[in-house]
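Before any comments, here is the structure.
For ligands, and for the atoms within them, numbers begin at 1 and follow the listed sequence. Quantities reported herein were computed from a predicted structural model and do not represent experimental measurements.
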Amino acid sequence: MSEASATDVDVLIVGAGITGIYQLHRAREEGFSARLLEAGAGVGGCWYWNRYPGCRFDSESYTYGYLFSEELFDEWEWSEHFAGQPETERYLNHVVDKFDLRRDMRFGTRVTGATFDEADGTWTVTTDDGASTRCRFLIAATGVLSVPYTPDIEGRDSFRGVQHHTGLWPEEPVDFRGKRVAIVGTSSSGVQVLPTILPDVASVTVYQRTANWCTPLNNRPITDDEQAQLRAGFEALRETLNTSRSGFAHPVNEKMAFDDSPEARQEFYAELWNSPGFMKLTYNYQDMLFNETANREWCDFIAGKIRELVHDPVTAEKLIPTDHGFGGKRPPFVIGYFEAFNDPKVSLVDLRDTPMVRVTEAGIETSAEHGGGLREFDIIVWATGFDFGTGALNCMGIRGRDGVALEGHWADGPSTYAGLQTRGFPNFFFPGGPHAAAGNNPRYNGDQVDFLTDVLVQARARGCEVVEVTEAAEERWTRMVDKGAEVTTFGTVGQYVGSNIPGKASRYLLNSGGREMLFKVFADSRANDFAEFGLTPSG
Ligand SMILES: Cc1cc2nc3c(=O)[nH]c(=O)nc-3n(C[C@H](O)[C@H](O)[C@H](O)COP(=O)(O)OP(=O)(O)OC[C@H]3O[C@@H](n4cnc5c(N)ncnc54)[C@H](O)[C@@H]3O)c2cc1C
């Protein structure tokens with residue numbers, strides 16, 4: 001880079017989650033000077049903030065961890081197929097120390113503004129401690145689920161008990177013993193909290209707005225034999241994970257639902273029910289997500305299981321989703337969730353029957369019909385989700401060419417190229433943000449980091465001080481995402497289309513082409529000499 005554009009660092013990364021940590025490692029490996037800023041007090045991103053009771057992986061532990069170092073893979077022993085949050089936080093700290101990354105990380109530092117300087121192609125990034133840093137490349141690894149959302153209910157601050165959002169859980173343990181607890185929300189986090197706190201509490205009331213298609217996680221400890229097999233099979237596992245569509249190591253099912261007889265389908269659904277975590281999505285029939293009848297039949301099977309597991313028929317019916325099919329929202333995986341409703345200490349309030357009216361000093365009041373009213377609590381757990389995809393990027397104060405605000409540029413939802421960059425914001429990238437893919441998160445976020453690092457290496461080699469995606473490339477990608485999102489027949493709801501946040505633009509926020517589409521555009525771009533980024537051709 002030229003003398004005139006001297007910067008504090010070449011690459012400034014925001015976010016110390018699994019994506020940002022890897023990006024820092026890759027940037028340093030390629031000889032860039034780099035620094036990472038993180039709002040939280042420690043390493044881990046989502047695994048730092050979400051320390052609520054019961055928080056654990058829905059991805060198999062060893063498929064979630066990094067694959068770039070066999071030594072790291074060998075020396076770290078996950079205790080369970082789906083590890084709990086404390087273990088994942090320990091793992092990420094171990095990685096940071098092993099690769100000596102901590103010296104380039106600053107914690108307790110929130111980015112509040114970033115302005116692009118057109119004259120020399122640099123970014124000036126300001127933080128809540130009043131400091132500013134000048135960098136060539138700004139990489140926001142700020143996550144899709146890092147801005148917790150709590151509904152704006154009247155009186156929320158007046159509550160005299162303890163209240164926490166699952167995504168901002170305190171480091172000191174919350175004492176649930178003998179307490180009357182409310183859990184608001186029944187998505188992935190709320191369903192993990194309920195069975196975990198149940199043995200301790202006096203009572204729990206679960207406030208449900210929409211039921212979700214929960215199925216068993218089927219977790220268990222990793223045996224010594226399995227540990228040995230994992231080590232021996234590292235290369236094969238890495239190959240599978242680096243190429244699989246979903247980023248999981250699950251087998252692929254080539255069948256369409258109606259290739260099988262009705263009896264065979266029921267047997268297959270029973271096999272899926274007993275399979276680990278996301279296999280119920282990744283190993284399901286090929287057309288389960290696209291054929292409404294196939295989707296309905298699998299949902300009916302799950303509904304039957306819920307009716308078997310939950311003794312009270314009225315409660316069972318309330319726990320069966322009616323507004324979306326399996327996969328229309330991120331399906332939660334559970335350990336003893338449905339069974340918890342058989343405990344007399346647990347009750348369910350359906351917010352469609354009795355909407356929440358206000359929070360009072362003493363508890364939560366719902367509308368009076370259908371037996372609603374005030375219930376008193378000692379603790380309220382807000383398991384009410386996140387401002388998915390664009391939340392963190394839109395509140396960072398990003399200002400691109402001509403001072404354009406990112407949140408204004410994306411007022412109707414994001415447009416991107418490969419979920420990595422948007423035109424008008426040169427030298428600014430966001431791996432792991434909106435439009436990335438769907439599946440086992442670190443795998444496709446890692447693909448983005450590897451590709452992006454190649455782009456930066458090429459820019460440096462060719463003396464390009466400004467890297468900016470072309471309009472055509474961004475339009476192609478964004479059109480692909482929007483069109484693909486129309487294909488499913490049973491409707492996508494919730495955070496993937498922003499409908500959980502009042503006033504948020506309704507736009508598909510994942511990459512409907514999936515990881516395969518990322519592979520394709522990255523290969524094409526490499527073959528095109530990175531023309532999508534306007535790099536001058538290599539000699
Ligand atoms: C409870 C929970 C369980 C999950 N389980 C799984 C799972 O099993 N499998 C899976 O694939 N995915 C799972 N996910 C999705 C999860 O988001 C990803 O797996 C992963 O955390 C993404 O990593 P990341 O580094 O991209 O983002 P994050 O881990 O979210 O890290 C982003 C970091 O950026 C920081 N940041 C944001 N804005 C700023 C700012 N302005 N200034 C400074 N710092 C900032 C945040 O503080 C945060 O630490 C889960 C998510 C949650 C919430």
Side-chain angles (χ1 to χ4, degrees), residues 12-24 36-61 63-65 81-85 88-89 92 105-114 125-129 138-149 165-169 187-193 217 219 241 246-248 276-278 330-333 383 385-398 406 419 430-434 436-446 448-449 495 510 515:
L12 188 69
I13 300 155
V14 189
I18 194 149
T19 309
I21 294 169
Y22 185 49
Q23 182 65 72
L24 178 61
L36 183 150
L37 307 177
E38 164 59 53
V43 166
C46 123
W47 304 106
Y48 168 82
W49 295 105
N50 290 267
R51 45 186 77 244
Y52 59 83
C55 179
R56 68 170 60 249
F57 276 147
D58 287 332
S59 298
E60 282 83 352
S61 315
T63 70
Y64 189 96
H81 284 270
F82 300 93
Q85 174 273 333
T88 310
E89 191 185 11
L92 291 170
M105 296 176 143
R106 308 282 178 275
F107 296 99
T109 308
R110 181 173 291 280
V111 171
T112 50
V125 177
T126 47
T127 45
D128 57 358
D129 55 3
L138 173 61
I139 304 182
T142 44
V144 281
L145 292 165
S146 59
V147 178
Y149 169 70
H165 190 290
T166 49
L168 285 173
W169 204 261
S187 294
S188 302
S189 301
V191 301
Q192 290 182 327
V193 175
L217 181 63
N219 187 25
L241 292 171
S246 60
F248 289 101
F278 270 105
R330 199 272 206 197
F333 300 101
F386 298 87
D387 184 350
F388 182 83
T390 46
L393 295 170
N394 278 347
C395 65
M396 269 172 69
I398 303 286
L406 183 67
F430 38 87
N440 192 17
N441 201 298
R443 302 284 70 88
Y444 55 82
N445 291 355
Q448 288 183 306
V449 167
Q495 63 183 9
L510 296 172
R515 196 182 185 202

Report task. For T112 and D128, run side chain to side chain donor-acceptor pair (under 3.5 Å): C-alpha distance rounded to whole Å, both residues' side-chain angles, the deciding distance at 0.1 Å, then the answer. Result -> CA-CA 6 Å; T112 50; D128 57 358; over 6 Å; no
Requested in this report: Just say parallel, tilted or perpendicular for the rings of Y64 and F57, cut-offs at 30° and 60°.
Outcome: tilted
Query raised in the report: Okay, side chain of H165, backbone of G385: is any donor-acceptor separation there less than 3.5 Å?
Result: yes
Query raised in the report: Between Q192 and R56, is there a donor-acceptor pair closer than 3.5 Å when you use the side chain of the first and the backbone of the second?
Result: yes
Query raised in the report: Should the pair D58-R330 be classified as a salt bridge under the 4.0 Å nitrogen-to-oxygen rule?
Result: yes
Requested in this report: In plain terms, say whether E89 and R51 are close enough for a salt bridge, that is, a side-chain N and a carboxylate O under 4.0 Å apart.
Outcome: yes
Ligand 1 polar-atom proximity to protein (N/O, under 3.5 Å):
from, atom 1, to, atom 2, distance (Å)
ligand 1, 8 (O), D58, N, 2.7
ligand 1, 8 (O), S59, N, 3.1
ligand 1, 9 (N), S59, OG, 2.7
ligand 1, 11 (O), S59, OG, 3.4
ligand 1, 11 (O), N441, N, 2.8
ligand 1, 19 (O), Y64, OH, 2.5
ligand 1, 25 (O), I18, N, 3.1
ligand 1, 25 (O), T19, N, 3.0
ligand 1, 25 (O), T19, OG1, 3.3
ligand 1, 26 (O), T19, OG1, 2.7
ligand 1, 29 (O), C46, N, 2.7
ligand 1, 41 (N), V111, O, 3.1
ligand 1, 42 (N), V111, N, 2.9
ligand 1, 44 (N), A39, N, 3.1
ligand 1, 47 (O), E38, OE2, 2.7
ligand 1, 47 (O), W49, NE1, 2.9
ligand 1, 49 (O), E38, OE1, 2.8
ligand 1, 49 (O), E38, OE2, 3.0
ligand 1, 49 (O), W49, NE1, 3.3

